[in-house]
Amino acid sequence: MSKTAYVRTKPHLNIGTMGHVDHGKTTLTAAITKVLSDRGTGTFVPFDRIDRAPEEAARGITINIAHVEYETDTRHYAHVDMPGHADYIKNMVTGAAQLDGAILVVSALDGIMPQTAEHVLLARQVGVDHIVVALNKADAGDDELTDLVELEVRELLTSQGYGGDTTPVVRVSGLRALEGDPRWTGSIEALLDAVDTYVPIPVRYTDAPFLLPVENVLTITGRGTVVTGAIERGTVRVGDKVQVLGGDLGPQASTVTGLETFGKPMESAEAGDNVALLLRGMPRDAIRRGQVVAAPDTVVPSRRFTARVYILSGREGGRTTPVATGYRPQFYIRTADVVGDVDLGDTAVARPGDTVTMTVELGRDIPLEPGLGFAIREGGRTVGAGTVSSLL
Ligand SMILES: Nc1nc2c(ncn2[C@@H]2O[C@H](COP(=O)(O)OP(=O)(O)OP(=O)(O)O)[C@@H](O)[C@H]2O)c(=O)[nH]1
Ligand SMILES: [Mg+2]
């Protein structure tokens, strides 16, 4: 089977849809691919293909199917439609989504709902700096109500530091656009123009040594083990030697023998690209989500570090009671999810809303470095957000 190689002609960005359940994220995602396939710069991905369970390995070393790709006149996008609220939280807090910008989908009929606010808050915490709003279901709403919803959304964004006054808010109908109604396909064009102009091309760390947090691991019969994820920094080429780090077996050497993005082979990939790497001689059970693939001898896994941590307040969905030394929550670091012991030193307790320095000892060694962000979770909710200060 011969495949067309990926040709990099435009800057690549990672974006995604977020917003309350049923506000139309998946319908909008399908509509975007429809409008762009009509333009000839993408492939139409119908609703039920996006909403289907991920990981379909049969077609080659391809990435999680919740991603779709498309091109506008000026850019190449990987777009992730997170299937549900829990997946959104997981992908955002672990950094797996690595969004350069987000489309906040708000139903013009319902306005802001709890997950709308929660997703905006989380986007802020994980460093998504640019949001474009799709006021969806505009076909079914009346103008006065939609005006109110728009006002409400702008206020929410401002309250989270997004500059709601200048945020593009575009009235769309994913459903009608999907049906080909020209009035509403035009609304999708307008939304894409807003994304193209409002979300800047991010600075990529292409000069740093290669590092890929592993999101998924698959086996391709007859070819070997494949890992997928978004490249955090650096570049990688077919033939490069790499190390797999953060597992129980210690660092393991391998060589990249295949490289693809969205099923298309590529010679080299760089920071920000969503890729699949075929790794020579790597047994399937020797690597799992949460580990990293890196340039040899550039990363040393460790488990003790100090960090500055913000403990979310109850109002932000966090705890209502303080934490103390001996607290043992889960730490979400890159794509890893690992338990850690918290030591607050001289500080007696950390109350919700406080920012504190803590020492953490993780349950296993993982690649860490100063400046690395992480989330702290407990019982299915995010209770803290922090940054590594130093390794011990
Ligand atoms: N009238 C109208 N209905 C819409 C529009 N977009 C989506 N819907 C309907 O809203 C419902 C939810 O749409 P989805 O696209 O599944 O919403 P979602 O946000 O992906 O939902 P979750 O993934 O479950 O959070 C479906 O019944 C859609 O047909 C729209 O533009 N107009
Ligand atoms: Mg959906």
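For this chain, numbers begin at 1 and follow the sequence in order. The analysis underlying the following values was restricted to heavy atoms, covering all of them including side chains, and did not include hydrogens, waters or symmetry mates. Start at 1 and go down the list; that is how both ligands and their atoms are numbered.
- Polar contact check, A138 against ligand 1: no nitrogen or oxygen pair lies under 3.5 Å apart.
- A tilted orientation is assigned to the rings of Y77 and Y70, their planes being inclined by 30° to 60°.
- Aromatic rings of Y332 and F374 (six-membered ring for Trp) have centroids beyond the 6.0 Å cut-off, not under it.
- Interatomic distance, CD of E260 versus CE of M266, reported as 10.0 Å (0.5 Å rounding).
- Interatomic distance, NZ of K137 versus OG1 of T27, reported as 7.5 Å (0.5 Å rounding).
- Numbered from 1 in the order shown, with element, the atoms of ligand 1 that lie under 4.0 Å from a heavy atom of V21 read 24 (O), 25 (O).
- Both tests do not hold together for R233 against F210: distance to the six-membered ring centre under 6.0 Å, angle to the ring axis within 45°.
- Evaluation of the salt bridge (Lys or Arg N to Asp or Glu O under 4.0 Å) test over residues 241-257, restricted to residues two or more places apart or in two chains, returns D248-R288.
- Using 4.0 Å as the threshold, W184 has no heavy atom nearer than that to any atom of ligand 1.
- Near D139, meaning under 4.0 Å from one of its heavy atoms, ligand 1 places the atoms 1 (N), 2 (C), 30 (C), 31 (O), 32 (N).
- For ligand 1, the polar-atom distance check finds no N/O of F47 at less than 3.5 Å from any of the ligand's N/O atoms.
- Below 3.5 Å of separation, one finds no N or O of L28 facing any N or O of ligand 1.
- Numbered from 1 in the order shown, with element, the atoms of ligand 1 that lie under 4.0 Å from a heavy atom of T27 read 6 (N), 7 (C), 13 (O), 14 (P), 15 (O), 28 (C).
- Residue contacts with ligand 1 for H23 involve N, CA, C or O but no side-chain atom from C-beta outward (heavy atoms, distance under 4.0 Å).
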Test side chain to side chain donor-acceptor pair (under 3.5 Å) on T235 and T206 and set out the steps. CA-CA 6 Å; T235 60; T206 49; over 6 Å; no
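- The hydrophobic clustering, which links ILVMFWY residues whose side-chain heavy atoms are closer than 4.5 Å, places V133 and I112 together.
- Which parts of ligand 1 touch S173 is read off a 4.0 Å heavy-atom cut-off, strictly below it: atoms 30 (C), 31 (O), 32 (N).
- Among the atoms of T17, none of the N, O or S atoms falls under 2.8 Å from the Mg ion (ligand 2).
- Polar contact check, N136 against ligand 1: a nitrogen or oxygen pair lies under 3.5 Å apart.
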